[in-house]
Colleague: 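Let me begin by handing over the structure; questions about it come next.
In this chain, numbering begins with 1 at the start of the sequence shown. The structure presented is a predicted model; accordingly, all values stated were derived computationally and were not measured.
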Amino acid sequence: MQSFVRIDAEVQGLRFVADKLLAVQMPVLSWWAVVTVITRASTTITVLAIFTVGIALHAQGLTSVGEIVMFVSFATMLIQKLEQVVSFINNVFMEAPRLQEFFNVLDAVPRGPRPARRDRHRATLGPGRIQGRFVFI
């Protein structure tokens with residue numbers, strides 16, 4: 001019975017947390033959306049401009065249709081590579097905390113003839129020859 005009474009309070013709590021989360025994330029998401037739209041729009045405008053200039057040059061007899069197609073294809077390929085670079089840079093910044101953790105773990109394990117774990121300062125390399133009675137249970 002108590003769980004049914006708490007449903008409204010739990011739902012209100014979840015809504016409050018979701019509203020706070022969206023309030024913090026919305027400026028970042030809006031900025032990301034604007035940048036994405038501008039990038040795509042600039043790509044489209046660039047290809048259309050190249051195509052339009054190519055048509056004008058073809059109308060004057062200064063270029064062929066094959067050259068226009070080749071140049072548009074080359075420009076599209078170049079734009080795609082630039083978008084990949086931008087995507088890579090964005091991913092590096094998004095993954096920076098995870099990369100930092102990875103490198104911290106990587107740096108924690110020494111390489112070479114030293115032990116594969118960190119030892120305390122002035123720790124001995126080994127206990128020497130151990131004597132005694134051992135019991136395995």
Side-chain angles (χ1 to χ4, degrees):
M1 185 61 137
Q2 184 179 5
S3 63
F4 290 113
V5 175
R6 295 264 322 140
I7 287 177
D8 190 43
E10 295 294 332
V11 169
Q12 293 298 328
L14 287 174
R15 282 188 184 145
F16 177 72
V17 170
D19 289 342
K20 281 179 58 175
L21 180 67
L22 285 175
V24 172
Q25 284 186 343
M26 212 40 123
V28 176
L29 292 175
S30 297
W31 177 82
W32 177 79
V34 167
V35 169
T36 301
V37 168
I38 288 173
T39 302
R40 298 293 177 185
S42 65
T43 301
T44 304
I45 291 170
T46 302
V47 170
L48 286 175
I50 292 170
F51 192 67
T52 304
V53 170
I55 289 173
L57 291 174
H58 180 69
Q60 295 174 3
L62 298 174
T63 188
S64 68
V65 173
E67 290 173 333
I68 296 169
V69 169
M70 186 267 315
F71 194 73
V72 168
S73 298
F74 178 73
T76 304
M77 182 182 67
L78 184 63
I79 289 169
Q80 287 174 349
K81 292 299 176 186
L82 290 172
E83 286 180 353
Q84 285 178 352
V85 168
V86 169
S87 175
F88 173 76
I89 291 170
N90 285 338
N91 284 337
V92 166
F93 281 110
M94 296 291 276
E95 298 294 328
R98 270 191 241 165
L99 288 172
Q100 183 64 40
E101 289 178 17
F102 170 75
F103 286 119
N104 287 342
V105 169
L106 192 63
D107 290 341
V109 179
R111 293 173 197 79
R114 296 179 289 176
R117 61 179 168 76
R118 283 193 182 187
D119 290 328
R120 292 184 181 166
H121 185 62
R122 296 185 302 182
T124 60
L125 291 178
R129 183 160 176 88
I130 299 175
Q131 295 179 348
R133 180 183 271 184
F134 296 95
V135 178
F136 296 97
I137 300 175

Colleague: Using side chain to side chain contact (heavy atoms under 4.5 Å, CB included) as the criterion, list what pairs up with L14, not counting sequence neighbours.
Modeller: none
Colleague: Taking salt bridge (Lys or Arg N to Asp or Glu O under 4.0 Å) as the cut-off, I'd like each qualifying pair that reaches into residues 24-40, sequence neighbours left out, listed once.
Modeller: R40-E83
Colleague: Please list, chain by chain and in numerical order, all residues satisfying salt bridge (Lys or Arg N to Asp or Glu O under 4.0 Å) with E10, sequence neighbours excluded.
Modeller: R6
Colleague: Name all residues meeting the salt bridge (Lys or Arg N to Asp or Glu O under 4.0 Å) criterion together with E67; count only those two or more places apart in sequence or in a different chain, and write none if there are none.
Modeller: none
Colleague: Can you list the other members of the hydrophobic cluster that holds F74, where links are side-chain heavy atoms under 4.5 angstrom apart?
Modeller: M77
Colleague: To which residues is F71 joined in a hydrophobic cluster, defined by side-chain heavy-atom contacts under 4.5 Å among Ile, Leu, Val, Met, Phe, Trp and Tyr, whether direct or through other members?
Modeller: V47, I50, F51, I55, I68, V72, I79
Colleague: Can you tell me how far CG of L21 sits from CE of M26, rounded to the nearest 0.5 angstrom?
Modeller: 10.0 Å
Colleague: Would you list the pairs meeting salt bridge (Lys or Arg N to Asp or Glu O under 4.0 Å) in which at least one residue belongs to residues 44-62, sequence neighbours left out?
Modeller: none
Colleague: Which residues, ordered by chain and number, are linked to V53 in its hydrophobic cluster, where ILVMFWY side chains connect at heavy-atom gaps below 4.5 Å, directly or through other members?
Modeller: L57, L62
Colleague: If you look only at pairs with a residue in residues 87-99, which of them pass as a side-chain hydrogen bond (donor to acceptor under 3.5 Å, both in side chains), with sequence neighbours excluded?
Modeller: E95-R98
Colleague: Can you name the residues that form a side chain to side chain donor-acceptor pair (under 3.5 Å) with Q100, not counting sequence neighbours?
Modeller: N104
Colleague: Under the rule for side chain to side chain contact (heavy atoms under 4.5 Å, CB included), what residues qualify as partners of V11, not counting sequence neighbours?
Modeller: I7, R15
Colleague: In Å and rounded to the nearest 0.5 Å, what is the OG1 to CD1 distance from T52 to I45?
Modeller: 11.0 Å
Colleague: My understanding is that only residues two or more places apart in sequence, or in another chain, count here; which of them pass side chain to side chain contact (heavy atoms under 4.5 Å, CB included) with S73?
Modeller: V69
